[in-house]
Amino acid sequence: MLMLSGQILDAMITSCENAKTVLRQAAIDPSDRKTLNISMGASVAAEFLGRTPEALSKAEARGRLPAPKTAANGRRFYTVEDLIAIREALGIKMGKLPAERAVVIAVQNFKGGVSKSTTGKHLADYLALRGYRVLVVDCDPQASMSVMFDVNLEALVDETHTLSNFLSPRIDEANSLRKTIQKTAWPNIDICPANLGLQDTEWELTATIEEGPTAIAGAFRMLRIGLEEVRLDYDVVILDPPPAMGFLGVNTLTAADGLLIPVPARQLDYLSTIHFMQTCREAVDLVSKFDTSIDYGFIRVVCTMFQPSRTNEAQMLQVMEKTYAGQMLSTPILLSEEIKNAGLSMSSIYEINKPYGSHQTYIRCRDNLNMVFRELEKDICKQWPSRMAQLGTDRLTEAA
């Protein structure tokens with residue numbers, strides 16, 4: 001019976017792998033690798049640049065910027081590479097100073113189906129469009145984030161420089177986190193991809209329990225220690241943890257400077273998140289016995305997949321706003337078919353140019369995400385002394 005079950009599973013795995021190849025080719029066709037083909041109008045580009053369309057037009061007329069690309073209908077449009085070049089030409093500085101360290105954010109909740117990886121992917125893309133240098137670290141053996149960034153997971157099977165090898169207490173070959181980093185289609189987003197080997201790493205880390213407190217303390221902090229090697233190279237590091245609080249989950253907790261907790265406005269998700277927060281507290285208390293420097297600059301809850309027309313969700317959102325008392329982002333992420341459809345092509349809303357539904361629905365979805373992440377962006381900037389001082393100066397100017 002066991003042999004028969006194994007054969008059935010093998011056949012199912014082979015069938016799924018073949019289907020995955022077809023789906024991937026359909027999503028990314030005709031190229032073998034995902035490429036960015038983002039184009040945006042002057043108003044959208046100006047918003048990400050923190051300028052007005054008129055200011056861009058004047059800079060172009062005065063020769064400070066090259067003439068923009070023009071569509072067949074005569075409208076100006078810009079690419080991600082154009083935004084980077086414009087910031088360079090106009091001296092628009094985003095992110096931290098060279099001597100400051102990247103802000104590490106864990107998008108964490110150990111209940112599945114709360115839009116954790118999707119939120120992390122959209123956050124990474126938003127920050128990239130705003131001009132920040134981003135590193136994504138996929139800590140989930142399911143590797144959803146890696147798939148969305150078009151990492152060839154099959155090629156990682158025999159690769160020694162992977163996150164699973166780096167975190168494994170038995171393997172010394174990947175002794176540098178930097179070696180696990182890969183480029184993505186985005187010029188300012190890199191990724192440490194996950195693979196199924198992370199599941200084995202979880203078991204290996206668990207085995208350190210038998211080796212005593214010192215080994216346990218080291219196992220809990222491996223990712224935190226590894227990130228120190230690259231924290232000067234990036235502005236923001238986004239961690240995508242597994243939906244469980246094992247050794248991998250605790251590693252992301254101890255490595256983070258801030259937490260973003262996605263919670264749908266549903267009773268079961270809300271109750272599960274209470275348990276998640278209790279478990280987080282216990283894990284942080286445990287690791288603090290070995291490392292007293294662990295502290296969060298911010299903890300934010302974001303309501304995800306929200307449907308305001310549903311009375312029960314609207315009521316649940318009010319409960320969340322009351323009980324999370326100032327720690328909740330003021331704008332919920334709306335449930336949108338645009339996000340679902342973009343996911344089918346392994347993309348975010350920010351990566352598609354043509355909406356799947358109406359243009360109005362697409363614009364509403366993108367603007368909603370911008371509002372959510374703009375609020376979180378302020379929390380990120382407050383972690384850098386240089387930007388904190390700038391924010392204080394800006395507030396004084398506004399008051400005057």
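Using modelled atom types and a 3.5 Å distance limit, the side chains of Asn368 and Thr331 yield no donor-acceptor pair. A donor and an acceptor atom, one from each side chain of Tyr356 and Thr361, are nowhere located under 3.5 Å apart. Between the side chains of Thr252 and Gln108, at least one donor-acceptor pair of N or O atoms lies under 3.5 Å. Residues Asn341 and Tyr362 have side chains that never bring a donor and an acceptor to within less than 3.5 angstrom of each other.
Within the 4.5 Å cutoff, no side-chain heavy atoms of Val302 are placed close to those of Met328. Side-chain contact between Ile261 and Thr273: present, with at least one pair of heavy atoms (C-beta onward) separated by less than 4.5 Å. No side-chain heavy atom of Asp240 sits less than 4.5 Å from a side-chain heavy atom of Val137.
Sequence neighbours left out, the pairs with a member in residues 62-74 that pass side chain to side chain donor-acceptor pair (under 3.5 Å) are Lys69-Asp82. The stretch residues 112-155 participates, sequence neighbours left out, in these ring-ring contact (aromatic ring centres under 6.0 Å, His included) pairs: Tyr126-Phe373.
The heavy-atom pair separating Asn109 from Pro262 by the smallest distance is ND2-O, 3.0 Å. Residues Ala265 and Leu317 approach most closely at CB-N, 4.2 Å, considering heavy atoms.
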Please step through salt bridge (charged side-chain N to carboxylate O under 4.0 Å, His left out) for the pair Glu377 and Lys382, ending with a clear verdict.
CA-CA 9 Å; Glu377 183 183 356; Lys382 290 177 183 177; over 6 Å; no
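Partners of Glu60 according to the salt bridge (Lys or Arg N to Asp or Glu O under 4.0 Å) rule, which considers only residues two or more places apart in sequence or in another chain, are Arg76. Considering only residues two or more places apart in sequence or on other chains, Cys280 meets the side chain to side chain contact (heavy atoms under 4.5 Å, CB included) condition with Met245, Leu253, Phe276. Glu282 meets the side-chain hydrogen bond (donor to acceptor under 3.5 Å, both in side chains) test with no other residue; sequence neighbours excluded. Scanning for side chain to side chain contact (heavy atoms under 4.5 Å, CB included) contacts around Ala102 gives Arg231, Tyr234, Val237, with sequence neighbours left out. Applying the salt bridge (Lys or Arg N to Asp or Glu O under 4.0 Å) rule to Asp285 yields the partners Arg281; only residues at least two apart in sequence or on another chain are considered. Checked against salt bridge (Lys or Arg N to Asp or Glu O under 4.0 Å), Lys322 has no partners two or more places apart in sequence or in another chain. In terms of the side-chain hydrogen bond (donor to acceptor under 3.5 Å, both in side chains) criterion, Gln267 has no residue partners (sequence neighbours excluded).
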Donor-acceptor contacts under 3.5 Å from residues 45-53 side chains, at least two apart:
| from | atom 1 | to | atom 2 | distance (Å) |
| --- | --- | --- | --- | --- |
| Glu47 | OE2 | Arg374 | NH2 | 2.8 |
| Thr52 | OG1 | Ala55 | N | 3.0 |

Donor-acceptor contacts under 3.5 Å from residues 306-316 side chains, at least two apart:
| from | atom 1 | to | atom 2 | distance (Å) |
| --- | --- | --- | --- | --- |
| Gln307 | NE2 | Glu313 | OE2 | 3.2 |
| Glu313 | OE1 | Gln307 | N | 2.9 |

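A salt bridge does not link Asp190 with Arg133: none of the charged nitrogens is closer than 4.0 Å to a carboxylate oxygen.
In the hydrophobic clustering, where aliphatic and aromatic side chains (Ile, Leu, Val, Met, Phe, Trp, Tyr) are joined below 4.5 Å either directly or transitively, Leu335 groups with Met305.
Counting heavy-atom neighbours within 6.0 Å of Arg178 CZ, excluding the residue itself, gives a total above 12.
Residue Val107 is not grouped with residue Val114 when hydrophobic side chains (ILVMFWY) are merged at heavy-atom distances under 4.5 angstrom, including chains of intermediate members. Under a hydrophobic clustering in which Ile, Leu, Val, Met, Phe, Trp and Tyr are joined whenever their side-chain heavy atoms come within less than 4.5 Å, directly or via other members, Val136 and Leu153 fall into the same cluster. No continuous path of hydrophobic side-chain contacts links Leu97 to Val236 [ILVMFWY only; heavy atoms under 4.5 Å]. Residues Ile333 and Met371 do not share a hydrophobic cluster, clusters being chains of Ile/Leu/Val/Met/Phe/Trp/Tyr side chains in contact below 4.5 Å. Ile339 and Ile363 fall within the same hydrophobic cluster, defined by Ile, Leu, Val, Met, Phe, Trp and Tyr side-chain heavy atoms under 4.5 Å apart, directly or through other members.
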